[in-house]
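Here's the structure, in structure tokens; my notes come after.
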Amino acid sequence: GRLAVAGAVRHGPGFNRRGIVQTTNYLQPRTVPDGVPRYFVGRALLEAESLEAAVSILKEPGRAFPWHHNLASLPDGRYLSVETFPDRCDVLEPEGVYVHTNHVVHPALLAGADAPPDVPGRSSLSRWEVLGEAIAARAPRNAADALALLSLHEGRPEAPCRHPAGPDHGATLGTAVFEAPALAMTLYHGNPCRGLSKRYEL
């Protein structure tokens with residue numbers, strides 16, 4: 001089957017010549033220990049030869065900051081959701097449509113805790129809810145449908161497609177779409193609802 005991966009640009013989506021894709025979701029930690037900054041970890045993933053190699057990088061100890069990684073292998077049509085914290089890492093291989101915004105959602109990281117390991121933001125929860133309701137009403141069948149989800153304005157100003165409004169200056173900077181098995185990325189500049197895009201191929 002075909003795989004489509006779409007991710008809002010928060011910390012630079014990317015892919016390499018082996019077709020390993022990474023997009024990320026910021027997670028707000030409660031504490032930050034000393035360790036390797038997340039941007040170095042994200043850059044190291046672009047050297048991975050496979051999803052397994054990428055996960056092994058994420059399991060290395062010494063990370064300073066949590067992050068969620070959307071990982072995919074375009075040649076294999078596989079996708080992984082990986083939530084990382086300095087002291088632990090959880091890997092899921094979801095089936096079907098999967099959504100992740102900027103807060104912890106993996107059951108393994110939420111189980112048994114009095115409070116989530118992160119500080120869920122209002123914007124993240126709003127976008128999570130809007131996307132969940134839209135998918136329940138009509139699941140996306142292709143990349144165009146996924147892009148339409150990321151272009152939704154329900155829940156403004158904290159919608160999936162964020163535009164500055166009043167005192168809220170938050171905005172979607174860009175959106176990346178990958179469609180397996182092509183070694184390519186279509187990058188939408190600014191809000192995806194504007195449709196300003198450029199395709200990059202390896």
Q: Let me see the working for Leu92 and Tyr98 under side chain to side chain contact (heavy atoms under 4.5 Å, CB included), right down to the final yes or no.
A: CA-CA 11 Å; Leu92 295 178; Tyr98 182 77; 4.2 Å; yes

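- Annotation: side chain of Val82 is not in contact with side chain of Lys59 (no heavy-atom distance under 4.5 Å).
- Other residues sharing the hydrophobic cluster of Leu196, ordered by chain and number and joined by side-chain separations under 4.5 Å: none, the residue standing alone.
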Q. Is there a side chain to side chain contact (heavy atoms under 4.5 Å, CB included) between His100 and Thr23 once you walk through the steps?
A. CA-CA 11 Å; His100 200 295; Thr23 69; over 6 Å; no

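- Using modelled atom types, one side-chain atom of Gln22 and one backbone atom of Gly42 make a donor-acceptor pair closer than 3.5 Å.
- In this structure, the separation between CG on Leu80 and CG on Leu51 is 4.5 Å, given to the nearest 0.5 Å.
- In the hydrophobic cluster analysis, where Ile, Leu, Val, Met, Phe, Trp and Tyr join through side-chain heavy atoms closer than 4.5 angstrom, Val97 is grouped together with Tyr79.
- Between Pro61 and Asp87, every side-chain heavy-atom pair lies at or beyond the 4.5 Å cut-off.
- Ring geometry for His153 against His163 counts as tilted: the plane angle lies between 30° and 60°, on a 0 to 90° scale.
- A 4.5 Å side-chain heavy-atom check between Ile20 and Ser73 finds at least one atom pair inside the cut-off.
- A chain of hydrophobic side-chain contacts below 4.5 Å, direct or via other Ile, Leu, Val, Met, Phe, Trp or Tyr residues, connects Leu183 to Tyr200.
- Criterion: ILVMFWY side-chain heavy atoms under 4.5 Å apart, direct or through other members. Under it, Val105 and Ile135 are part of a common hydrophobic cluster.
- In this structure, the side chain of Thr84 does not engage the main chain of Cys89 through any donor-acceptor pair within 3.5 Å.
- For the atom pair OG1 of Thr172 and CZ of Arg194, the computed distance is 11.0 Å after rounding to the nearest 0.5 Å.
- Between Pro116 and Leu110 there is a side-chain heavy-atom pair separated by less than 4.5 Å.
- Rounding to the nearest 0.5 Å places CE of Met185 at 11.5 Å from OG1 of Thr175.
- Nearest approach of Cys161 to Pro192, heavy atoms of both residues: SG-CD, 3.7 Å.
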(Q) One pair to check against side chain to side chain contact (heavy atoms under 4.5 Å, CB included): Val177 and Leu150. What are the steps and the verdict? (A) CA-CA 11 Å; Val177 177; Leu150 294 175; 5.9 Å; no

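- With hydrogens and angles disregarded, no donor-acceptor distance shorter than 3.5 Å links the side chain of Ser126 to the backbone of Ser123.
- In terms of hydrophobic clustering, with Ile, Leu, Val, Met, Phe, Trp and Tyr side chains grouped at heavy-atom distances under 4.5 Å, Leu58 and Leu109 are assigned to different clusters.
- Across Leu45 and Ala54, no two heavy atoms sit closer than the pair CD2-O, 3.2 Å.
- Pairing each heavy atom of Pro86 with each of Phe65, the nearest pair is CG-N, 4.1 Å.
- The backbone N or O of His106 lies less than 3.5 Å from a partner atom in the side chain of Glu83, making a donor-acceptor pair.
- Scanning all heavy atoms of the two residues, the minimum distance from Pro13 to Ala176 falls at CG-CB, 3.6 Å.
- Partner Asn102 forms a side-chain hydrogen bond (donor to acceptor under 3.5 Å, both in side chains) with one of Arg127, His68, Gln28 and no other, that one being Arg127.
- Applying the salt bridge (Lys or Arg N to Asp or Glu O under 4.0 Å) test to Arg88 and every residue at least two apart in sequence or in another chain returns nothing.
- Distance check, rounded to the nearest 0.5 Å: CG of Leu202 to CZ of Phe15 gives 4.0 Å.
- Asp90 approaches Ala108 most closely through the heavy-atom pair OD1-CB, 3.5 Å.
- Of the possible polar contacts, none joining the Asn16 side chain to the Glu49 backbone as a donor-acceptor pair under 3.5 Å is found.
- Glu179 and Arg199 are not joined by a salt bridge, as no carboxylate oxygen comes within less than 4.0 angstrom of a charged side-chain nitrogen.
- Arg18 contributes no side-chain N or O that, together with a main-chain N or O of Ser50, makes up a donor-acceptor pair within less than 3.5 Å.
- If you chain together hydrophobic residues whose side chains sit under 4.5 Å apart, Val104 and Val99 never meet in one group.
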Q: Given side chain to side chain contact (heavy atoms under 4.5 Å, CB included), test Tyr39 with Trp67 step by step and report yes or no.
A: CA-CA 10 Å; Tyr39 296 109; Trp67 224 3; 4.2 Å; yes

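- In this structure, Val21 and Asn70 have side chains that are not in contact, with every pair of non-hydrogen atoms separated by 4.5 Å or more.
- Taking CZ of Arg156 as the start and CD of Glu158 as the end, the distance is 13.0 Å to the nearest 0.5 Å.
- The main-chain N or O of Pro120 is never found under 3.5 Å from a side-chain atom of Ser124 such that the two would form a donor-acceptor pair.
- Not one N or O on the side chain of Arg63 forms a donor-acceptor pair closer than 3.5 Å with the backbone of Val36.
- Using a 4.5 Å heavy-atom cutoff, the side chains of His103 and Thr101 are in contact.
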